[in-house]
Colleague: 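Structure incoming, see below.
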Amino acid sequence: MDFNHYFTNEELETLLPELVSAHPGLTSLRSIGESYEKRPIWLLTLTNTSNGSDSEKPAVWVDANIHATEIAGTTTALRIIYSLLEGYGKDERITRLLDHSAFYIVPRVNPDGAALAMAPQPRYIRSGVRAYPWPEKEEGLHTQDVDGDGRILQMRIQDPNGDWKISSLDPRLMEKRSPTEFGGTYYRLLPEGLIEDYDGYLIKVARQPEGLDFNRNFPFQWRPEGEQEGAGPYPASEPEIKALVDFIIAHPNINVGLTYHTFSRVILRPFSTKADEDMETDDLWVYKKLGNIGTEITGYRNVSTYHDFKYHPKEVTTGAFDDWLYDTLGMYTFTIEQWDLPTEAGIKDRKFIEWHREHPHEEDLQILKWVDEHAVEDAYINWYEFEHPQLGKIELGGWNGMYTWRNPPHCYMDAESARTAPFALAMGDLLPHLRFHTLEVTPLNGDEYHLNLIVENTGFFPTYTSQQAKNRKVARPVRVELELPDGVRLIDGKWRLELGHLEGRSNKLDVTAMGAASPTDNRARVEWVIHSPKSSKIVVKVLSERAGTIYQEVELAN
Ligand SMILES: [Zn+2]
């Protein structure tokens, strides 16, 4: 597999079934729904089916490419799939992961948007292709490839009131005009495009007709258009989002979720809408621990969206996937913004959002130099004259953003996915997992037997995943059931009972050994007295929504 590559829908149609047929018993493929343009939304399930089905095991959710142009995530999702399938039976950890747990992976949530982004004459939209909120094209400038070279660049138009000038550091670059500066040659910069209903004077930047943002359409504090742009007419109104929501609701065995986006090289966690202080404190500690595991693996910083990734200091976003999954279902979820051109070019610890509004112009040169030195093809286009059908003589040039800013240049995709894919495996290491610690039969007088069961959770997470899940009552407590054949009856104890939840190690985060206490709160014990007239076999079944289901047969005999 070549991971210095971006996969088209057509390639996925061939590749995904191939992966399944090459690894029978480890993976299966299904479409969980259709996009607006009727493309399948593929989900791969990965687990060793010979020792239990996926729904009887704890699970990790992974998705990618919900935003149309963020196709880097698809490559990373494929890398996760590939490393699990290739490692099974060879690598002890990966074998344990697929024996004990399941991975649900949607490499491309938004095939319609990706098809546009990867077309020979591309269009870059935020999410889905459905026109929203209005079917008509708005008046104003619509971004598109006007000169037909397959690139969408910038238009540079000379204007004494322009806010840009040619850079003093490198004539290819544009530099912001200072507020107190007069008398130079100035320019307006606009995206390459055509103007709908142009009157010859006024250029308004139109909103794209495809105005949806799928990552605002989840049922978390959904708000209408006037408050949250692109959120759609109601929560999960879009078929792509409904497919995800329906699948996840039907799979309460999921404990953690990772959603791959671009860019910024940052691991984001909930909430988008409120401060850390307003999060369940125990969960915040766990979240920070998980985030730090992510930082160690990827080198990305991990932050709260609310504190460090707000697009506007006084506005929040609602309807995001990670918030929905954690807030409603108590599943620890991260948004991974892969790749960052400024960071790759050596700009350290930049402020993710503020940097785009304010940074030293020298850093623009640093980025351009990096592109030059690393021979990234077609990344920055020197300005050239163009006869625009509406604006007359203008210039085209500047950043060709798709494989520079929005996604890694092709030759950097392998390295980027190699650093981010292992985070998904690490999340699998943390899942709760049930195990029979002790299951013993002791013959009593006559036809009676004593059955002693001790079951334990061997995972880092408890069997309820998070306090939030507990508060929301969305993780059913652990239960035990006995299957008794005819003629066998209970003298003492019940055939079905609730054990409550079993803790993991996530409630033992203190690192001071002095005074430490590690109680066995991950175990539960049950005893029965059973009457069995002749030798018979019974089945002990322990069920947990989040930690899976385990069975064991025991024989009642002297
Ligand atoms: Zn995104």
Side-chain angles (χ1 to χ4, degrees), residues 6-7 35 41 61-77 105-118 122-129 132 143 208 210-218 220 228-232 238 240-241 243-245 257-273 294 298 300-306 308-312 315-326 333-343 352-353 355-356 401-408 413 416-417 420-421 423-424:
Y6 295 105
F7 296 85
S35 68
I41 299 165
W61 169 272
V62 174
D63 73 68
N65 198 192
I66 190 171
H67 287 139
T69 60
E70 299 170 10
I71 55 177
T74 301
T75 302
T76 302
I105 304 183
V106 178
R108 176 157 290 158
V109 174
N110 181 5
D112 298 353
L116 271 189
M118 298 179 83
R123 283 199 54 224
Y124 303 132
I125 61 169
R126 179 63 172 162
S127 283
V129 298
Y132 182 84
T143 304
Q208 284 178 326
E210 302 90 347
L212 288 163
D213 185 336
F214 286 167
N215 206 27
R216 309 287 180 265
N217 188 231
F218 287 93
F220 169 76
Q228 175 59 70
E229 271 197 3
E238 304 313 303
E240 294 84 351
I241 301 316
L244 261 55
V245 167
L258 296 182
T259 179
Y260 284 88
H261 289 239
T262 64
F263 62 87
S264 286
R265 276 195 182 149
V266 65
I267 297 169
L268 301 173
R269 64 171 165 77
F271 284 102
S272 304
T273 54
T298 62
Y300 293 11
R301 282 177 277 169
N302 72 91
V303 302
S304 142
T305 301
Y306 180 86
D308 291 297
F309 210 79
K310 280 205 293 286
Y311 296 108
H312 185 283
E315 286 166 21
V316 295
T317 49
T318 53
F321 176 75
D322 55 3
D323 288 318
W324 171 66
L325 217 62
Y326 172 70
T333 306
F334 292 98
T335 298
I336 301 162
E337 300 283 358
Q338 297 193 102
W339 175 249
D340 194 56
L341 181 59
T343 306
F352 301 111
I353 305 296
W355 185 88
H356 293 279
M402 182 64 183
Y403 300 105
T404 47
W405 287 88
R406 294 170 192 262
N407 293 286
M413 191 58 237
E416 202 66 17
S417 63
T420 53
F423 188 28

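Counting starts at 1 for both ligands and their atoms, following the listed order.
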Colleague: Between the Zn ion (ligand 1) and H261, which N, O or S atom of the residue is the nearest one?
Modeller: ND1
Colleague: Compute the ring centroids of Y306 and F271, then answer whether they are less than 6.0 Å apart.
Modeller: no
Colleague: Do the side chain of R108 and the main chain of F7 share a donor and acceptor less than 3.5 angstrom apart?
Modeller: yes
Colleague: Report the atom name of the nearest N/O/S atom of H67 relative to the Zn ion (ligand 1).
Modeller: ND1
Colleague: Run the ring-centre check on F334 versus F423 and record whether the distance is less than 6.0 Å.
Modeller: yes
Colleague: Please check: side-chain N/O of W339 versus main-chain N/O of T404, any donor-acceptor pairing under 3.5 Å?
Modeller: yes
Colleague: So that I can check it, does any N, O or S atom in E70 come closer than 2.8 Å to the Zn ion (ligand 1)?
Modeller: yes
